[in-house]
Each structure stands twice: as C-alpha cells, then as structure tokens.
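Only one structure is covered here, and it is reproduced in the block below.
In this text the structure is predicted, and so the values were computed from the model without any measurement. Along the sequence shown, the residues carry numbers beginning at 1. Values below: every heavy atom of this structure, side chains too, minus hydrogens, waters and symmetry copies.
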Amino acid sequence: MKAVGYKKSLPIEDADSLFDFETAKPDPKGRDIRVAVKAISANPVDYKVRKRAAPPEGETKILGYDAAGVVDAVGPEVTLFKPGDEVFYAGSILRQGTNAEFHLVDERIVGNKPTSLSFAQAAALPLTSITAWELLFDRLGAVPGKSVDPRTLLITGGAGGVGSILIQLARRLTGLTVLATATRPESQKWCLDLGAHAVIDHGKPMKEQIEKLKLPPVALVASLTYTDQHYKAIAEFMAPQGKFGLIDDPPEFTVAAFKGKAISVHWESMFTRSSFQTPDMIAQHHLLNDVADLIDKGVLRTTLDQTFGTINAANLKRAHALLESGKSRGKIVLEGW
C-alpha cells in the first residue's frame, strides 16, 4: 500500500521531512477494523509529533490521525462495524497513522460517517470534534440543553480547528454566551459565521474589550493556543470559581495564577482514552455518532476550509507548513491517492 512517512525529525522544508513510500497492508486483529482511507485532515499534532518524535533507527513512522473511509476488513472481536461501512475517526497517537491507503484502528474510537457529507468534509471533523466535545462537556462541565446559562464561555483562538467546532457545539447545544478571540478580520468573520455571539482581538488587551461588551461573567475558558501568553491576564478577569481548560503545550504555565479565585484547571487530550485503554473508551464511538447525527440534522456543519489535493508527501508538506505558520483557518483536507 502507499503511505507517507518520515525517519528523522526535520524542518518541513527539508526534502526528507516527509516522503512517499510503500509498505505492507496491515491485518486486523482483536477489535481492530481496517479502513480503506479515502480522505484525511491535518492537525497541529501532526507536525508536533514529526518535530519531536523520531522513530527508532531503521523504522518509518506514518503520521495522521483524522480519517474518513470505508471498512475493508475486521478483526475477530469486532461487533460495531462490518466491511463496506463508511466511517470517520481520529486514531491513536501510539500507533501508525492515517497517511496510508489502509489503516488499523480500534472500533471503540470510530464513528459512522455523516451520510450528508463527502469523505473530505467528514475527514475534517473527528479529532477536533472529540477534543471540543470532551473539553466543553467532560472537562468544563457545560450543561447540554438550550436552557439559559448565565455565563460566558471564552474561546481563545476561535478560528482554528478545535475552535471552529467548539463555537458551534457551545452555541447550538448550550445556553452559554459564546465569546471567541481572533486577530485577522477574515478569522473574526469566520467565528461569527459559526455562531459566536461576539469576537475580540487577543492581540490586544482582552479585559477592556470584554468590559465594553457587557456580557455575562466569563466563568468558562477554553484556551486553545498560546496559553502561556494569555493565562495570567485571563485569570484577572475570570469569574471566581470558574473553570479554565487548555489543550496546547505552554512552555510556561503556573496554576497559582488561579488560586485566589479558586478557579479549577483542566487539561484535555483526546488521545487519553485510546492511549490508556480507559474503561470508557467507547465514549468516543458514541460521541462521533452524536456528531454525525447533528451534522445530518443540520445543527452542526463541517469545518473544512481548504483541500490540498491527493494524499502524498508534497501536499502534506504544504499542509504542515501552513499549520506551523499559525495562519490556518478551519481544517485542511487531502483526498484520494
């Protein structure tokens, strides 16, 4: 089968940072299904792993987590899917990735593809949907249901992949006031189009901008990017006893900033369940099916922004470079071989 991989952690402009190669088609065992990959999307975790985690000497690592495709074969313990089923999912960070024609994944973290979406549109969704859903409901404890919630959710970096789905989930499924941050005019418009009640510029002091809006108190925060640059300022204007959630890897972060107000700090990693085989691992299967249902009912929409052509090393390098620039919006998808 065709695949894209790397042997050494190199800058994306290096010729060998990612390369095309061929390898054996894997066989499913246990609860694994084998998926014929039709489309994938790129995420910041892809380039972070590429830059930080070189494979053992002589081995080639395949990156990629998001995928949409068709079940091709199933392991002997599989009960949720059969060959021919159309699926979408974000794989495990501990296994070979989805930048390959065929991919093995545990059925418990796979959902049925939304019927109303193409494979490309569906591939944009799994990793960011899981991250946003777990962050909003499992970590920050937002209450699903449209009853009025007298609190504001602040989403920093609202135009990115996770922000783009989190805005929708919070606006469509809760009664929270949704406040996003974005710096560029086109990114601010993107956030408003997705449902944010208001958008502020995180390149300028946030407290003054929020005070002018006269919103309910900022009790929940989803810090999606550059947490180290913003968290101290956020702690100053957050409501006492609020909840601060983050997903990035801040080089500097001191939880003591939140002590005086008894603000709790919550980490979200959508790979936790698959990495540790948690008893509730199948929650991601149900979560993705819920997202697919909401998509098909028109409640949520895909966050696909750009397609970069077929799945190969040259196009993946373009995707990694754009993600590393910090200027991407929504999701980048590659489709077909």
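Residue pairs satisfying the side chain to side chain donor-acceptor pair (under 3.5 Å) criterion with at least one member in residues 4-24, sequence neighbours excluded, are listed as follows: K7-T60. Within the structure, the side chain to side chain donor-acceptor pair (under 3.5 Å) test picks out the following pairs touching residues 149-166 (sequence neighbours left out): D149-R151, S164-W190.
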Could you go step by step and tell me if D293 and N289 meet the side-chain contact (heavy atoms from CB on, under 4.5 Å) rule?
CA-CA 6 Å; D293 186 51; N289 282 343; over 6 Å; no
Determine, step by step, whether Y89 and Q284 satisfy the side-chain contact (heavy atoms from CB on, under 4.5 Å) criterion, reporting the C-alpha distance in whole Å, the side-chain angles of both residues, the deciding distance to 0.1 Å, and the verdict.
CA-CA 9 Å; Y89 61 92; Q284 291 188 346; over 6 Å; no
Salt bridge (charged side-chain N to carboxylate O under 4.0 Å, His left out) between R31 and E107: does it pass, once the steps are laid out?
CA-CA 6 Å; R31 298 195 71 172; E107 64 171 348; 2.9 Å; yes
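Put simply, the side chain of T131 never gets that close to the backbone of T128: no donor and acceptor are under 3.5 Å apart. Remark: side-chain polar atoms of R95 are not paired, donor with acceptor, to backbone N or O of V105 under 3.5 angstrom. Side chain of K51 to main chain of I12: no donor-acceptor pair is present (N/O by atom type, distance under 3.5 Å, no hydrogens or angles). Not a single donor-acceptor pair under 3.5 Å links the side chain of H197 to the backbone N or O of L179. The main-chain N or O of K327 is found under 3.5 Å from a side-chain atom of R184 such that the two form a donor-acceptor pair. With hydrogens and angles disregarded, a donor-acceptor distance shorter than 3.5 Å links the side chain of H103 to the backbone of Q96. At least one donor-acceptor pair closer than 3.5 Å links the side chain of S92 to the backbone N or O of L94. Judged by distance alone, with hydrogens and angles left aside, the side-chain atoms of S187 form no donor-acceptor pair with the main-chain N or O of T183 at under 3.5 Å.
Under the side-chain contact (heavy atoms from CB on, under 4.5 Å) criterion, E101 pairs with M1, K2, W337, sequence neighbours left out. Annotation: salt bridge (Lys or Arg N to Asp or Glu O under 4.0 Å) contacts of D290 (sequence neighbours excluded): none. K243 pairs by the side-chain contact (heavy atoms from CB on, under 4.5 Å) definition with L140, L220, S264, H266, not counting sequence neighbours. Applying the side-chain contact (heavy atoms from CB on, under 4.5 Å) criterion to S147, with sequence neighbours excluded, gives no partner residue. By the salt bridge (Lys or Arg N to Asp or Glu O under 4.0 Å) test, K207 is found to be paired with no residue, residues two or more places apart in sequence or in another chain being considered. Residues meeting the salt bridge (Lys or Arg N to Asp or Glu O under 4.0 Å) test with D46, sequence neighbours left out: none. Taking R172 as the reference, nothing meets the side-chain hydrogen bond (donor to acceptor under 3.5 Å, both in side chains) condition, with sequence neighbours excluded. With sequence neighbours left out, E86 forms a side-chain contact (heavy atoms from CB on, under 4.5 Å) with V70, K113, F119.
No side-chain heavy atom of M270 sits less than 4.5 Å from a side-chain heavy atom of V45. Counting heavy atoms from C-beta outward, E335 and K38 have side chains that stay 4.5 Å or more apart. Side chains of N315 and T310 form a contact here, defined as non-hydrogen atoms less than 4.5 Å apart. For the pair V265 and L246, the minimum side-chain heavy-atom distance is below 4.5 Å. Taking 4.5 Å as the limit, every side-chain heavy atom of I40 sits out of range of all side-chain heavy atoms of D66. At least one side-chain heavy atom of D296 sits under 4.5 Å from a side-chain heavy atom of S116. The closest side-chain heavy-atom distance from V110 to L288 is not below 4.5 Å. For the pair L125 and L117, the minimum side-chain heavy-atom distance is below 4.5 Å.
Residue F88 is grouped with residue V37 when hydrophobic side chains (ILVMFWY) are merged at heavy-atom distances under 4.5 angstrom, including chains of intermediate members. Put simply, L194 and L294 are part of the same group of oily side chains (I, L, V, M, F, W, Y) that touch within less than 4.5 Å, one to the next. The hydrophobic cluster containing L173 also contains V162, counting ILVMFWY residues as joined when their side-chain heavy atoms lie under 4.5 angstrom apart, directly or transitively. M281 and L80 fall within the same hydrophobic cluster, where Ile, Leu, Val, Met, Phe, Trp and Tyr residues are linked whenever their side-chain heavy atoms come under 4.5 Å apart, directly or through other members. Transitive grouping of hydrophobic side chains (ILVMFWY, heavy atoms separated by less than 4.5 Å) keeps F21 and L63 in distinct clusters.
The NE2 atom of H285 sits 11.5 Å away from atom CZ of R108, with the distance rounded to the nearest 0.5 Å. Atom CD1 of residue I282 and atom NE2 of residue H286 lie 4.5 Å apart, to the nearest 0.5 angstrom. How far CD1 of I130 is from CD1 of I165: 11.0 Å, rounded to the nearest 0.5 Å. Atom OG1 of T272 sits about 10.0 Å away from atom CG of D280, to the nearest 0.5 Å. Taking CG of L153 as the start and CG of L215 as the end, the distance is 11.5 Å to the nearest 0.5 Å. Considering CG of D249 and CH2 of W267, their distance stands at 7.0 Å, rounded to 0.5 Å.
For D85 and K82, the salt-bridge test passes: some basic side-chain N is under 4.0 Å from an acidic carboxylate O.
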Output side-chain donor-acceptor pairs under 3.5 Å for residues 199-206, partner residues at least two apart or in another chain, one line each.
residue, atom, partner, partner atom, Å
D201, OD1, G203, N, 2.7
H202, ND1, T181, OG1, 2.6

Would you give me the side-chain donor-acceptor pairs under 3.5 Å for residues 299-309, sequence neighbours excluded?
residue, atom, partner, partner atom, Å
T302, OG1, Q121, O, 2.8
T302, OG1, L304, N, 3.3
D305, OD1, R329, NH2, 3.2

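The aromatic rings of F244 and F253 sit parallel to each other, their planes meeting at less than 30°, with 60° as the upper class boundary.
A39 approaches V333 most closely through the heavy-atom pair CB-CG1, 4.4 Å. Contact record, A159 with C191: N-SG, 3.5 Å, taken as the closest heavy-atom pair. Closest approach of A142 and P144 over heavy atoms only: O-CD, 3.4 Å. Summarising the geometry of A90 relative to I109, their closest heavy-atom pair is O-CD1, 3.6 Å, with the distance given to 0.1 Å. Residues L323 and P44 come closest through the heavy atom pair CD1-N, 4.0 Å. Scanning both residues, P150 and P217, for their nearest heavy atoms gives O-CD, 3.9 Å.
Judged by distance alone, the side chains of T225 and D248 never bring a donor and an acceptor atom under 3.5 Å apart. Between Y231 and E252, the side chains place a donor N or O and an acceptor N or O closer than 3.5 Å (distance only, hydrogens not considered).
Heavy-atom contacts from other residues, nucleotides or ligands closer than 6.0 Å to CD of E57 number 12 or fewer. Heavy atoms from other residues, nucleotides or ligands lying under 6.0 Å from CZ of F237 number more than 12. Remark: Q277 CD is packed, more than 12 non-hydrogen atoms of other residues, nucleotides or ligands lying under 6.0 Å away.
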